[in-house]
Structures are given as C-alpha cells and as structure tokens.
Amino acid sequence: MTDQAAPSAAVLIIGDEILSGRTRDVNLNAIARFLAALGIDLMEARTVGDRSAQIVDALNALRGAYDYVFTTGGIGPTHDDITADAVGVAFGVPVREHPEAEAILERRYGLGEFNAARRRMARIPEGGALIANPVTDAPGFQIGNVFVMAGVPKIMEAMLQDVAPRLRTGAVVHARTIKVTGVGEGEIAEVLKAAADARRDLSFGSYPFGFGGDGPVGTQLVIRGRDEVEVDLAEHDLSQELRSMGIDVAVT
C-alpha cells in the first residue's frame with residue numbers, strides 16, 4: 001500500500017575494510033536508489049567498523065529514529081563477521097542457528113562441506129525472518145524494522161528484491177534538473193533562494209560542475225518534490241527567470 005506520508009530510513013554500513021579505504025562502498029548508492037523508487041526517504045547513513053559496541057550503539061540509535069534500518073556487511077563465515085551477534089545484543093535476544101537457514105546451507109554445501117565456519121551463516125537472532133539470497137544462498141535476515149544484508153554489492157542488491165514487498169511505500173519524489181553552463185553558483189544564488197522561498201514544499205539544490213578542469217564550468221539546479229505538477233511549474237518559472245537574465249538553460 002502506498003501512503004502519502006513517506007516512511008523514513010537509515011543505512012548502517014559495517015566493516016573495517018570500508019573505513020580503511022581498502023574497499024570502496026557502493027551499497028549506499030544502490031540502497032538510496034532502491035528506496036527513492038519506493039518513495040521512502042533515506043535520512044541518514046553511518047559507517048562503523050567491526051566492533052560490537054559501535055554496531056549496537058548505532059543500530060539502537062537508528063532503529064529508534066527511523067521507520068527502517070538497512071545494514072550491510074559482517075554476516076559471512078569468518079571470525080570478524082559479528083553483525084548477527086551485535087544485532088542480537090541490540091535487540092536483547094539470543095542468536096541461534098535458524099533451522100531454515102541451516103537447511104538452505106546444507107543443500108548448497110552438502111554435509112561434507114558444511115563446516116563450522118559456514119554454519120555461522122545460519123545463525124540468526126531469535127525472532128528474525130530470513131531474507132532470501134539468490135546469488136549464494138546464505139540468507140540475510142529481518143528483525144523488527146531492521147534488515148540485515150550482505151556487504152558484497154551483487155548479493156546485497158539481490159537481497160533487496162526480497163525486502164521490497166515488506167516495506168510500506170510512499171509517494172515517489174519527482175525531480176527536474178536545470179543545467180546552466182558558464183554561470184557559477186554565486187551569480188544565481190539569489191534567484192534560487194527566491195524560488196525556494198516561494199515554494200517551501202519543494203526542495204531546491206545547487207550543484208556546481210567543471211571545476212576539475214574537465215569541460216566548461218556551470219551549475220545544475222535540481223528541484224525535487226512529490227507533487228509532479230508543482231515540480232514542473234517550479235522548473236518552468238525558474239527557467240523563465242534565468243532566461244530573462246540572459247542565461248541559457250537546458251532542462252532534463
């Protein structure tokens with residue numbers, strides 16, 4: 001069911017490899033796009049290392065503040081995969097081998113290869129429901145308003161397909177971009193402020209480009225809102241105002 005009031009969400013990225021710079025995070029972008037398509041507002045993102053206290057503190061803060069929390073990382077077979085245990089601490093419940101997860105992994109590996117390390121991936125906090133993993137079978141899980149997913153981007157994105165039907169959605173945010181070339185932010189800041197003041201139910205953003213020496217300098221003005229008609233009207237009025245100043249614009 002789609003509600004006009006948008007649900008809110010946060011992302012918790014877990015892993016020393018992200019904080020060290022060894023691994024580049026791409027999961028936040030994928031989750032942000034996934035949520036935007038469902039009309040869910042992503043309000044905050046945090047990154048923590050493989051330290052239980054940090055995970056517990058961040059998770060408890062986020063799950064109390066937002067409708068949904070999505071975590072990535074730390075649910076594999078090695079000693080530093082501590083997310084399931086940390087989530088159990090955060091919710092105050094024990095972590096045990098889940099019979100369905102155990103059966104899924106037994107089918108994948110067979111009795112001879114389903115060793116103690118791989119059994120760790122069957123451990124789920126009590127009360128958790130599995131999130132399907134069509135790539136490698138090892139499941140994620142949901143407990144309360146928290147969705148715990150793998151850190152490997154291909155696996156995480158596949159898990160989102162099982163998560164989507166569980167979410168309350170909102171009205172999708174529409175966006176229009178006005179590209180102004182050869183004009184810096186400072187030259188049009190007052191015009192943009194006036195447009196934003198006139199339509200406070202919409203979001204107006206300014207994003208300069210071309211300062212790295214590649215191509216011309218310019219500014220992209222992005223208008224966002226849930227009422228598509230209002231977004232289109234705002235784009236029309238702002239574009240006309242810029243043109244009246246002798247500025248060429250391109251709208252996408």
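Just so you know, residue 1 is the first one in the sequence shown, and it goes up from there.
Taking a 6.0 Å sphere around CG of Asp248, one finds it holds 12 or fewer heavy atoms contributed by other residues, nucleotides or ligands. Within a 6.0 Å radius of CD in Gln240, other residues, nucleotides and ligands contribute more than 12 heavy atoms. Heavy atoms from other residues, nucleotides or ligands lying under 6.0 Å from CZ of Arg166 number more than 12.
Using a 4.0 Å cut-off between charged side-chain N and carboxylate O, Arg226 and Asp41 make a salt bridge. Under the 4.0 Å criterion applied to side-chain N and carboxylate O atoms, Arg168 and Asp67 are assigned as salt-bridge partners. For the pair Arg199 and Asp237, the salt-bridge criterion is met [side-chain N within less than 4.0 Å of a carboxylate O]. A salt bridge is absent between Glu102 and Arg96: the closest approach of a Lys/Arg side-chain nitrogen to an acidic carboxylate oxygen does not fall below 4.0 angstrom.
Panel note: side chain Glu126, backbone Val93; no donor-acceptor pair is recorded below 3.5 Å. The main-chain N or O of Val183 is found under 3.5 Å from a side-chain atom of Thr219 such that the two form a donor-acceptor pair. With Asp57 contributing its side chain and Gln54 its backbone, the two residues share no donor-acceptor pair below 3.5 Å. Here the side chain of Arg63 pairs a donor or acceptor atom with the backbone of Ala90 at under 3.5 angstrom. Not a single donor-acceptor pair under 3.5 Å links the side chain of Ser239 to the backbone N or O of His236. Here the side chain of Arg108 pairs no donor or acceptor atom with the backbone of Ala138 at under 3.5 angstrom. Side-chain N or O atoms of Asp162 include none that pairs as donor or acceptor with a backbone N or O of Asn133 at under 3.5 Å. Within the 3.5 Å criterion, the main-chain N or O of Asn115 finds no donor-acceptor partner in the side chain of Glu113.
Side-chain contact between Asp25 and Thr47 is absent, with no heavy-atom pair separated by less than 4.5 Å. Contact annotation: the side chain of Leu192 approaches that of Leu238 to within less than 4.5 Å [non-hydrogen atoms, C-beta and beyond]. Counting heavy atoms from C-beta outward, Val148 and Ile131 have side chains that stay 4.5 Å or more apart. Side-chain contact between Val231 and Glu235 is absent, with no heavy-atom pair separated by less than 4.5 Å. Between Leu105 and Arg119, every side-chain heavy-atom pair lies at or beyond the 4.5 Å cut-off.
Between Val146 and Phe91, the closest heavy-atom pair is CG2-CZ, 3.8 Å. Scanning both residues, Ala150 and Met159, for their nearest heavy atoms gives N-SD, 3.5 Å. Nearest heavy-atom pair, Thr169 versus Leu38, reported as atom, atom and distance to 0.1 Å: CB-O, 3.1 Å. Minimum interatomic distance between Ala84 and Arg123 (heavy atoms only, all atoms of both residues): CB-O, 3.8 Å. The minimum heavy-atom distance between Pro7 and Gly39, with the atom names listed, is CD-O, 3.8 Å. Heavy atoms only, all atoms of each residue included: Ile143 and Pro125 are closest at CD1-CB, 4.0 Å.
Between Phe70 and Phe34, the two ring planes are perpendicular [angle over 60°; tilted spans 30° to 60°].
When hydrophobic side chains of Ile, Leu, Val, Met, Phe, Trp and Tyr are connected at separations under 4.5 Å, Val89 ends up clustered with Val56.
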